[in-house]
Amino acid sequence: MRPDIERILAKDELGRDDLVALLDISDPDEESALFRRAYEVKRKHVGMKVYFRGLIELSNLCVKNCFYCGIRRDNRAVKRYTLTEEEVLDAVRFAHAARYGSVVIQSGERQDEEFVSFIERLVKRVKEVSHNELGITLSLGEQSESTYRRWFDAGAHRYLLRIETSNATLYKTLHPVDHDYEARLEALRTLYRIGYQVGTGVMIGLPGQTTEDLADDIAFFKKMDVAMIGMGPFIPHHETPLAGSIPDWKEQKELQLRRALRMIAAVRIHLKDVNIASTTALQAIDHVGREMGLLAGANIIMPNLTDTEYRTGYQLYDDKPCMDENATMCTACLERRITSIGETVGYGEWGDSPHFINAKKH
Ligand code: SAH
Ligand code: SF4
């Protein structure tokens, strides 16, 4: 191992150059040392318990047109769907019976009143059917302050909204002109002000993204004082403007996975007590990608509860895994994989991040 990497891994506080050096590691031994260090930090600050968040992919209707996303408005090849209230509640009952601590309702973006009130009602119903036990995270994109407030008042307490990249110039290249980096930042600030536990994150390995950008993303997470981080590798989708943006994808995807794992490790070392999701996009590259994420410092898994009938309709990127497995099968195999790496599942707990709990005490 290079002496400078050894020195960085022994440090308590990392600077920008340190983060860049860690993210740029290519030697397998150095990489293993990085993951070991991140795991130590994870064990000390959040423990070895994995929390499940049941993911419900509510709808693939979307008014936005992000260049990277498979369900963007202009992709005519997608058959659009929206789950009914009963279909969502079936998934919720499953999550409750399986003693997941919480559910995540995710969807393409819509701001119309019909959608806003549908979500408001759903949140209330989730609380009812789970006797107030299930935590509710929403991941429904940018909304007005009054919408965020209505959903919060209905009972949602966490919100996931990725910044996608903290580099405003790069953000512009990934979105049509009607998307605004400042508006996204403002949405994150509004969520805080209302009292949500806020999660954000980025895509890793975007075309045009540098290692310095990723180091700055980590600094951004720290500055925003986020409680949860959800990050994953960028995976090109064939029906999007970024389809050919990584031309030798087959050779690149292993590197893309490793880059994402190093990012998880660096975030864990730098932010210490936050919740970090091991996302499905990791698993899309390698079938044990999510376990690799846990070993690199992540502590949250979001098993997919969407009925297999709809799953092919929610392909944000190519090669999305588990298209033909139902939730029961997924939970059983997940638990086996988690215990196989010596960790346990925090059943029946909300699993707020120690960072959020500590912040509330001050
Ligand atoms: N519409 C909501 C939630 C659904 S999209 C929103 O945009 O916030 C959820 C996440 O999927 C996005 O934040 C983005 O980071 C990720 N995503 C979309 N396309 C992707 C791709 N091609 N590769 C990897 N992640 C992607
Ligand atoms: Fe819509 Fe979200 Fe995809 Fe953008 S990333 S097109 S907002 S679903």
Side-chain angles (χ1 to χ4, degrees), residues 53 55-78 80-82 104-111 115 119 137-143 147-148 151 156 158-166 170-171 174-176 178-181 183-185 187-188 191 196 198-207 209 214 217 221 226 228-246 249 252-253 256-257 259-260 263 277-285 289 293 302 304 306 311 313-321:
R53 317 270 189 241
L55 177 63
I56 300 168
E57 295 159 336
L58 177 74
S59 170
N60 63 0
L61 280 169
C62 188
V63 298
K64 291 262 178 98
N65 229 346
C66 309
F67 294 150
Y68 41 84
C69 180
I71 62 169
R72 61 198 299 274
R73 185 183 69 216
D74 283 356
N75 183 5
R76 308 256 178 265
V78 176
R80 304 286 165 170
Y81 75 87
T82 302
V104 181
I105 300 179
Q106 194 183 71
S107 154
E109 209 174 292
R110 274 175 63 186
Q111 283 90 8
F115 182 73
I119 299 294
T137 306
L138 299 179
S139 176
L140 307 167
E142 285 172 38
Q143 303 288 342
T147 297
Y148 283 149
W151 294 343
R158 296 187 182 126
Y159 205 99
L160 296 177
L161 181 68
R162 290 185 178 178
I163 189 74
E164 312 298 359
T165 171
S166 63
L170 180 60
Y171 187 91
L174 303 168
H175 299 98
D178 59 346
H179 290 231
D180 179 14
Y181 179 80
R184 180 145 294 224
L185 265 185
L188 284 170
L191 288 164
Y196 279 98
V198 181
T200 192
V202 294
M203 282 177 285
I204 302 150
L206 288 160
Q209 189 181 45
L214 291 173
D217 290 339
F221 300 154
V226 287
M228 313 177 277
I229 314 276
M231 307 174 292
F234 162 67
I235 302 176
H237 185 288
H238 63 284
E239 298 276 0
T240 62
L242 295 185
S245 58
I246 305 186
W249 173 247
Q252 288 297 319
K253 65 181 192 184
Q256 191 80 327
L257 173 66
R259 192 176 286 126
M263 183 71 176
S278 197
T279 54
T280 316
L282 296 165
Q283 197 191 354
I285 299 185
M302 294 157 71
N304 194 335
T306 315
R311 284 212 200 156
Y314 203 83
Q315 296 243 39
L316 304 174
Y317 41 80
D318 285 342
D319 297 328
K320 212 171 146 209

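One-based numbering, in listed order, for ligands and for the atoms of each.
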Work out which heavy atom in [X] is nearest to a heavy atom in [Y]; give both atom names and the distance.
| X | Y | answer |
| --- | --- | --- |
| Y317 | I235 | CB-O, 3.3 Å |
| C69 | L316 | SG-CD2, 3.7 Å |
| Y181 | S166 | OH-O, 2.9 Å |
| G293 | S278 | CA-OG, 3.3 Å |
| L140 | S107 | CD2-CB, 3.5 Å |
| E109 | G141 | OE1-CA, 3.4 Å |

message: Is there a side-chain contact between F221 and T200 in this structure, where contact means two heavy atoms from C-beta onward sitting under 4.5 Å apart?
response: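 Yes, at least one pair of side-chain atoms sits under 4.5 Å.
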task: Return yes if a side-chain donor-acceptor contact under 3.5 Å exists between N60 and R80, otherwise no.
output: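 Not at all, the side chains of N60 and R80 share no donor-acceptor pair under 3.5 Å.
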query: Where do Y159 and Y148 land on the ring pair (Phe, Tyr, Trp, His ring centres under 6.0 Å) test, with the steps shown first?
result: CA-CA 9 Å; Y159 205 99; Y148 283 149; 5.0 Å; yes
- request: May I ask you to list the protein N, O or S atoms found at less than 2.8 Å from atom 3 (Fe) of ligand 2?
  value: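 Near atom 3 (Fe) of ligand 2, the protein supplies C69 SG.
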Note every protein N or O atom lying under 3.5 Å from an N or O atom of ligand 1, pairing the names and giving the distance.
{"residue": "ligand 1", "atom": "1 (N)", "partner": "S107", "partner atom": "O", "Å": "3.0"}
{"residue": "ligand 1", "atom": "13 (O)", "partner": "E164", "partner atom": "OE1", "Å": "3.4"}
{"residue": "ligand 1", "atom": "13 (O)", "partner": "E164", "partner atom": "OE2", "Å": "2.6"}
{"residue": "ligand 1", "atom": "15 (O)", "partner": "R162", "partner atom": "NH1", "Å": "2.8"}
{"residue": "ligand 1", "atom": "15 (O)", "partner": "E164", "partner atom": "OE1", "Å": "2.6"}
{"residue": "ligand 1", "atom": "22 (N)", "partner": "Y68", "partner atom": "O", "Å": "3.0"}
{"residue": "ligand 1", "atom": "22 (N)", "partner": "I235", "partner atom": "O", "Å": "2.7"}
{"residue": "ligand 1", "atom": "23 (N)", "partner": "I235", "partner atom": "N", "Å": "3.0"}
{"residue": "ligand 1", "atom": "23 (N)", "partner": "I235", "partner atom": "O", "Å": "3.4"}

- prompt: Hey, mind stepping through Q256 and I246 against side chain to side chain contact (heavy atoms under 4.5 Å, CB included) and telling me if it holds?
  reply: CA-CA 10 Å; Q256 191 80 327; I246 305 186; 3.9 Å; yes
- prompt: Is there a protein heavy atom less than 4.0 Å away from atom 2 (Fe) of ligand 2?
  reply: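 Answer no: nothing from the protein, no heavy atom, is under 4.0 Å.
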